[in-house]
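Quick note: numbers below take in every heavy atom, side chains included, and nothing from hydrogens, waters or symmetry partners. None of these values were measured; they are calculated from a predicted model. Just so it is clear: chains get the letters A, B, ... in the order the sequence lines come, proteins before strands, and each one is counted from 1.
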Amino acid sequence: MLDLNFIREHPEVVREALRKRHEDTSILDRVLELDRRRRELIAQVERLRAERNRVSKEISRLKDPEERNARIAAMRELKSRLETLEKELRDVETQLNELLLRIPNIPRPEVPEGVDERDNVILRTWGEPRTFDFEPLPHWDLGPMLDIIDFERAAKISGSRFYILKGAGARLQRALISWMLDVHTREHGYTEIYPPALVRSHALIGTGNLPKFADTLYKDREEDLWLIPTAEVPVTNLYREEILPPGSLPIYHTAYTPCFRREKVAAGRDVRGIKRVHQFDKVELVKFVEPEQGPEELESLLRHAETIVQRLELPYRIVLLSTGDLGFSSAITYDIEVWAPGSGEWLEVSSCSWFTDFQARRANIRYRPERGAKPRFVHTLNGSGLALPRTMIAILETYQQEDGSVIIPEVLRPYMGGMERIEGKKAE
RNA sequence: GGGGAGGUGCCGGAGUGGUUGAACGGGGCCGCCUGCUAAGCGGUUGUGGGGGCAGAAACCUCCACCGUGGGUUCGAAUCCCACCCUCCCCGCCA
């Protein structure tokens, strides 16, 4: 959420941001109009309330019943005027707030302007995509062949866009999770969190998933509980409605959770394989920092995520998202994309974003810079560290051998009981 | 799921319709005292919004906030309703 004062004082900045994101700018005009009305009403309401408070105090001191009753009668009239205005003020504030929740964050100046992902900018590339002297298979062929991914039985149980990991496949994912968490907690200074995977709607409002993107989320039928699309939601909301004491920042958290996404918007896209599924696991990195530290913290967040891909020795590239592809809450985002030689495409395994105070304002997360100082909104950042299925795709497709087996990256072997290679039954 | 208790400031804990933004205690902070420390004494201690000021700090003033949202009343932390949360007992259960 943007600061209403900022919107009022710099409407042209907000209008420009909406334009760059290809959003309807009329929402801004409605906000400005409601804000004007709100301020008028506040002035009137407060004037009446001040009078009411003053006279009520007088009444309490009056002994003479005649005089007292006269005053009370006069106040009755004031009261009804006040109630009418208060009702209108409430309505205006409700409308205003609903609109404010639908205005996206302002992109940073260094974000390239663009229409969609085609306008994203590739900043750099790491590693050389492997060359094969045989035709590399996509993971949706490799997985079943090795008997480590089972799509058919998953569909039987849960329908399309679900998958089952089996044997070494399940173990490989578990190894990745443990290893990633170890790297982030031991080497990068993150504290591990195990959060709820079901959250109240206000938590999703805090991160910016609601109210605009309700159709991408799974929701409980009877209660106000939603399945998280990412650990970002519960972890960012950890400190909601809090004022963190001086010296608290920065706070780094990492969390491993399942993630649930309806993928209704992408119907028909990426139907094969485990690239785009309704349920997947992810290790997430979340930071709470002082506003001034934002740029540096974004860079180090990106480095922390990159460390994982580098140690797996998977070639990747860093992409700076354009305004057309930038997420609703983000001010700037870098994607890490790994090369999947079998599928023949770059896969987004991490999205590292700086949200400035956008989420902090929505979730009311503040900190006190020093004793006695006024509270300020923190800045939040997050990025995947990494998403499991896509990392698995890159590993399987990159390290496949001509005989169909897959070499396990060295860093994971200690987490796999020393296993060096996944071999299919057919290959034996 | 059934029954009961309760949600007040940084913490503990009063307060059941009228100078209560909130007694009292603890903690914190600032002074005083003291060779130093402890004890003791005095003072102070919230958040958000509006105005005084074009702007920043300080200060003054008004409004709101005693779980959340409505309601009753001239006036509500105090009364009523709904919801959320915590604790205890019973039942059920991984």
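- The side chain of A/Arg52 contributes an N or O atom lying less than 4.0 Å from OP1 or OP2 of B/rA64.
- Looking at A/Thr333, its side chain never comes within 3.5 Å of a backbone N or O of A/Ser353 through a donor-acceptor pair.
- Across all strands shown, A/Pro245 has no heavy atoms under 4.0 Å from either base or sugar-phosphate atoms.
- Crowding of A/Glu410 atom CD: a count of heavy atoms from other residues, nucleotides or ligands under 6.0 Å not exceeding 12.
- The 5' end of RNA chain B is approached more closely, in terms of each residue's nearest nucleotide, by A/Asn5 than by the other of A/Asn5 and A/Lys87.
- A/Arg38 comes within 4.0 angstrom of nothing in the nucleic acid, heavy atoms only.
- Between B/rC85 and B/rA22, the two C1' atoms lie 24 Å apart (nearest whole Å).
- Separation of the P atoms belonging to B/rG55 and B/rC11 is 35 Å when rounded to the nearest angstrom.
- Among the nucleotides B/rG50, B/rG48, B/rC63, the one closest to the side chain of A/Arg8 is B/rG50.
- Using C1' as the reference atom, B/rC83 and B/rG7 are 14 Å apart when rounded to the nearest Å.
- Between A/Arg376 atom CZ and B/rG48 atom C1' there is a gap of 17 Å when expressed in whole angstrom units.
- The side chain of A/Ile243 sits closest to B/rU47 out of B/rU47, B/rC63, B/rG50.
- Taking each heavy atom of A/Pro195 and A/Val235 in turn, the nearest pair found is CG-CG2, 4.1 Å.
- B/rC65 is paired with B/rG46 under the criterion used here, namely a Watson-Crick or G-U wobble arrangement in which both key atom distances are under 3.5 Å.
- For the C1' atom pair drawn from B/rG46 and B/rC29, the interatomic distance equals 14 Å after rounding to whole Å.
- In this entry B/rC87 has B/rG4 as its Watson-Crick or G-U wobble partner, both defining distances falling under 3.5 Å.
- The pairing partner recorded for B/rG21 is none, the criterion being a Watson-Crick or G-U wobble arrangement whose two distances lie under 3.5 angstrom.
- As a whole-Å value, the separation of A/Glu370 CD from B/rA57 C1' is 14 Å.
- For A/His184 (side chain) and A/Gly385 (main-chain N/O), a donor-acceptor pair under 3.5 Å exists by modelled atom type.
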Start with the C-alpha distance between A/Asp64 and A/Arg68, add both sets of side-chain angles, then the distance that settles salt bridge (Lys or Arg N to Asp or Glu O under 4.0 Å), and finish with yes or no.
CA-CA 6 Å; A/Asp64 178 34; A/Arg68 199 181 163 99; over 6 Å; no
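- Within a 6.0 Å radius of CD in A/Glu66, other residues, nucleotides and ligands contribute 12 heavy atoms or fewer.
- As judged by a 4.0 angstrom heavy-atom cut-off over every strand, A/Ile42 is placed among residues making no nucleic acid contact.
- The residue A/Arg54 sits apart from the nucleic acid: no heavy atom pair falls under 4.0 Å.
- Side-chain atoms of A/Arg68 and base atoms of B/rG18 include a donor and an acceptor less than 3.5 Å apart.
- Here the CG-CD distance, from A/Asp147 to A/Glu423, works out to 14.0 Å after rounding to the nearest 0.5 Å.
- Base pairing of B/rA94 is not made with any nucleotide, judged by Watson-Crick or G-U wobble geometry with both donor-acceptor distances under 3.5 Å.
- Distance CG (A/Leu244) to P (B/rU47): 14 Å, rounded to an integer number of Å.
- Within the nucleic acid shown, A/Arg76 comes within 4.0 Å of sugar-phosphate atoms alone, with no base atom in reach, counting heavy atoms only.
- Mapping A/Arg49 and A/Ala73 onto RNA chain B by nearest heavy atom places A/Arg49 closer to the 5' end of the strand.
- Residue A/Glu46 contributes atom CD, which lies 16 Å from atom P of B/rU61 at whole-angstrom precision.
- Shown here, B/rC33 forms no base pair; nothing in the strands shown gives a Watson-Crick or G-U wobble contact with both key distances under 3.5 Å.
- Rounded to a whole angstrom, the distance from the C1' atom of B/rG21 to that of B/rC32 is 29 Å.
- Picking from B/rC74, B/rG71, B/rG50 the nucleotide with the shortest atom distance to the side chain of A/Arg90 gives B/rG71.
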Can you check nucleotides 80-85 of chain B for protein contacts, nitrogen or oxygen pairs under 3.5 Å, and list what you find?
unit_1 : atom_1 : unit_2   : atom_2 : d
B/rC84 : O3'    : A/Arg200 : NH2    : 2.7
B/rC85 : OP1    : A/Arg200 : NH2    : 2.6

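- Taking atom P in both B/rU16 and B/rG27, one finds a spacing of 28 Å when rounded to whole Å.
- Using a 4.0 Å cut-off between charged nitrogen and carboxylate oxygen, A/Glu242 and A/Arg366 do not count as a salt-bridge pair.
- Across all strands shown, A/Lys79 has heavy atoms under 4.0 Å from base atoms, whether or not it also approaches the sugar-phosphate.
- For the P atoms, the distance linking B/rA77 with B/rG9 amounts to 15 Å, nearest Å.
- Atom-to-atom, CG of A/Leu82 to P of B/rC62 comes out at 17 Å; the value is rounded to the nearest Å.
- With hydrogens and angles ignored, the 3.5 Å screen pairs no side-chain donor or acceptor of A/Arg161 with any backbone N or O of A/Ala155.
- Of the options A/Leu347, A/Leu321, A/Leu123, A/Leu320, a side chain to side chain contact (heavy atoms under 4.5 Å, CB included) to A/Asp335 is made by A/Leu321 and by none of the others.
- Computed from coordinates, the A/Glu93 CD to B/rC65 C1' distance equals 14 Å when rounded to whole Å.
- Listed pair A/Asn53 / B/rA64 meets the phosphate criterion, a side-chain N or O lying under 4.0 Å from OP1 or OP2.
- Nucleotides B/rG6 and B/rC10, compared at atom P, are 24 Å apart to the nearest Å.
- Rounded to an integer number of Å, the gap from A/Leu41 CG to B/rG50 C1' is 14 Å.
- We find that NZ of A/Lys374 is positioned 12 Å from C1' of B/rA56, with the value rounded to whole Å.
- For the pair A/Arg368 and B/rU47, the criterion of a side-chain N or O lying under 4.0 Å from OP1 or OP2 is met.
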